[in-house]
Amino acid sequence: MTLELMRARKIAVLGSRAVGKSSMTIQFVENHFADTYYPTIENTFHKLVRYRNQDYDAEIIDTAGQDEYSILNSKHAIGIHGYVLVYSIASRQSFEMCHVVRDKILNYTGIDWVPIVLVGNKADLSNQRQVPTEEATRVAIEWNCAFIESSAKHNQNIGKIFELVLGEIEKQGLDSEPPRTSGCLLM
Ligand code: GDP
Ligand code: MG
């Protein structure tokens, strides 16, 4: 396997605090459930992923989390190929936050479609569910994005999240270049 044949893909994991962004990233990259993870830190991880006969060097930015008032960090929009937008199925507020964050991404990039996977995490907490699967499915159809429910705790559908985001990125038909942002040419 040579580096030249590998496609570098930058993926940002966004969403409210405590929805499981770090847990799913660590479950994916390091194959364990980290129960005591520092909540406010941002980390970047790398993983080599083989998907549909293609090798990818996935760079995953596990962000500290967003709220209504946070301004989208340019680091989380420029040069990013795809987004994982995470909520907890047990928190309607975190689901609403995905709408806010998506609007911020589209505003920032100035384009009307970016590769997104909407993720309803903590699917194991079904007795505390506040967001019906059907509702999130409808939103994903409206957004023309992928959707999946997962559990970082039980390692359920975690690998699938990152396959879906690679698939969404491929829909753009680009080879390796991230989309340009409006008014800013990336050299
Ligand atoms: P982040 O702030 O979005 O990065 O969230 P963390 O990954 O730090 O997780 C926040 C809390 O939710 C921690 O106590 C995790 O153990 C817990 N958690 C994360 N994923 C899951 C999950 O799939 N199921 C359950 N039940 N708890 C989870
Ligand atoms: Mg975190």
Side-chain angles (χ1 to χ4, degrees), residues 1-16 19-32 34 37 41-66 72-87 98 101-121 140 143-152 155-187:
M1 187 167 74
T2 64
L3 268 168
E4 295 92 288
L5 295 174
M6 248 192 324
R7 293 181 183 170
R9 292 292 183 253
K10 245 183 166 174
I11 297 159
V13 183
L14 302 173
S16 298
V19 293
K21 298 180 298 299
S22 300
S23 300
M24 70 175 53
T25 304
I26 289 168
Q27 183 65 266
F28 180 60
V29 177
E30 299 175 359
N31 303 302
H32 65 96
Y37 196 71
I41 221 160
E42 171 166 313
N43 257 313
T44 299
F45 297 83
H46 275 272
K47 181 165 170 142
L48 302 183
V49 187
R50 189 154 181 88
Y51 173 63
R52 289 192 180 158
N53 260 345
Q54 170 67 51
D55 291 315
Y56 292 94
D57 172 13
E59 180 178 331
I60 304 166
I61 303 168
D62 167 32
T63 70
Q66 293 74 41
L72 191 72
N73 190 326
S74 61
K75 227 180 13 178
H76 303 156
I78 296 174
I80 300 294
H81 294 93
Y83 297 87
V84 176
L85 272 190
V86 189
Y87 66 94
C98 288
V101 172
R102 175 177 175 268
D103 284 347
K104 287 183 184 181
I105 295 167
L106 294 183
N107 265 323
Y108 195 97
T109 56
I111 44 184
D112 58 15
W113 186 86
V114 291
I116 289 176
V117 182
L118 181 64
V119 179
N121 190 47
W143 291 357
N144 191 19
C145 74
F147 165 66
I148 195 165
E149 289 188 351
S150 68
S151 169
N155 196 11
Q156 179 202 338
N157 283 343
I158 298 301
K160 188 84 191 173
I161 293 168
F162 293 91
E163 287 187 358
L164 283 172
V165 75
L166 291 172
E168 290 298 303
I169 293 166
E170 290 316 312
K171 283 186 188 169
Q172 265 184 334
L174 45 92
D175 184 31
S176 64
E177 289 310 304
R180 282 196 286 129
T181 54
S182 53
C184 172
L185 180 64
L186 297 176
M187 304 298 280

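Keep in mind it's a predicted model, so treat the numbers as computed, not measured.
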Exercise. Listed by chain and number, what are the side chain to side chain donor-acceptor pair (under 3.5 Å) partners of Asn31, not counting sequence neighbours?
Worked result: none
For this session: Given side chain to side chain contact (heavy atoms under 4.5 Å, CB included), test Ile78 with Tyr108 step by step and report yes or no.
Result: CA-CA 9 Å; Ile78 296 174; Tyr108 195 97; 4.0 Å; yes
For this session: With sequence neighbours left out, write down each residue that passes side-chain contact (heavy atoms from CB on, under 4.5 Å) with Ser151, or none if nothing qualifies.
Result: Asp124, Lys153, His154, Gln156
Exercise. Hey, does His76 have a side-chain heavy atom less than 4.5 Å from the side chain of Glu42?
Worked result: yes
Exercise. Excluding sequence neighbours, so at least two apart, what forms side chain to side chain donor-acceptor pair (under 3.5 Å) with Lys47?
Worked result: none
Exercise. Any side-chain heavy atom of Lys75 sitting closer than 4.5 Å to one from Ile61?
Worked result: no
Exercise. In chain order, what residues pass the side chain to side chain donor-acceptor pair (under 3.5 Å) check against Tyr56, with sequence neighbours excluded?
Worked result: Glu170
For this session: Would you give the length of the straight line joining atom OG of Ser23 to atom CG of Asn155, rounded to the nearest 0.5 angstrom?
Result: 11.5 Å
Problem set entry | Test side chain to side chain contact (heavy atoms under 4.5 Å, CB included) applied to Asp55 and Leu5, step by step | CA-CA 7 Å; Asp55 291 315; Leu5 295 174; 5.7 Å; no
For this session: Find the distance between CD1 (Ile111) and CD (Gln172) and round it off to the nearest 0.5 Å.
Result: 6.5 Å
Exercise. What's the spacing between Trp143 CH2 and Leu85 CG if we round to 0.5 Å?
Worked result: 6.0 Å
Exercise. Is the number of heavy atoms from other residues, nucleotides or ligands within 6.0 Å of NZ (Lys104) greater than 12?
Worked result: yes
Exercise. What residues, two or more places apart in sequence or in another chain, satisfy side-chain contact (heavy atoms from CB on, under 4.5 Å) together with Glu168?
Worked result: Trp113, Pro115, Val117, Ala146, Lys171
Problem set entry | Atom pair CD1/CD1 of Ile11 and Ile169 - distance to nearest 0.5 Å | 5.0 Å
Exercise. Do Asp57 and His46 have side-chain heavy atoms sitting under 4.5 Å apart?
Worked result: yes
Exercise. Run the side chain to side chain contact (heavy atoms under 4.5 Å, CB included) check on Phe28 and Val49 step by step: do they pass?
Worked result: CA-CA 10 Å; Phe28 180 60; Val49 187; 3.9 Å; yes
Exercise. Quick one: side chain to side chain donor-acceptor pair (under 3.5 Å) partners of Thr63, sequence neighbours excluded?
Worked result: Gln66
For this session: Kindly indicate whether the side chain of Leu14, heavy atoms from C-beta on, has any atom under 4.5 Å from the side chain of Val86.
Result: no
Problem set entry | side chain to side chain contact (heavy atoms under 4.5 Å, CB included), paired with Thr25, selected from Ile60, Ile161, Thr44 | Ile60
Exercise. Do Tyr87 and Leu118 come within less than 4.5 Å of each other through their side chains, counting heavy atoms only?
Worked result: yes
Exercise. For Lys10, does its backbone N or O pair with a side-chain atom of His81 as donor and acceptor, under 3.5 Å?
Worked result: yes
Exercise. Can you name the nearest heavy-atom pair linking Asp62 to Ser22, along with the distance?
Worked result: OD2-OG, 2.7 Å
Exercise. Within the side chain of Asn121, is there an N or O that forms a donor-acceptor pair under 3.5 Å with the backbone of Ala152?
Worked result: yes
Exercise. If every non-hydrogen atom of Ala77 is compared with every non-hydrogen atom of Tyr83, which pair is closest and at what distance?
Worked result: CA-OH, 3.3 Å
For this session: To the nearest 0.5 Å, tell me how far Ile158 CD1 sits from Met24 CE.
Result: 5.0 Å
Exercise. In Å, rounded to the nearest 0.5 Å, how long is the span from CD of Gln27 to NE2 of His32?
Worked result: 8.0 Å
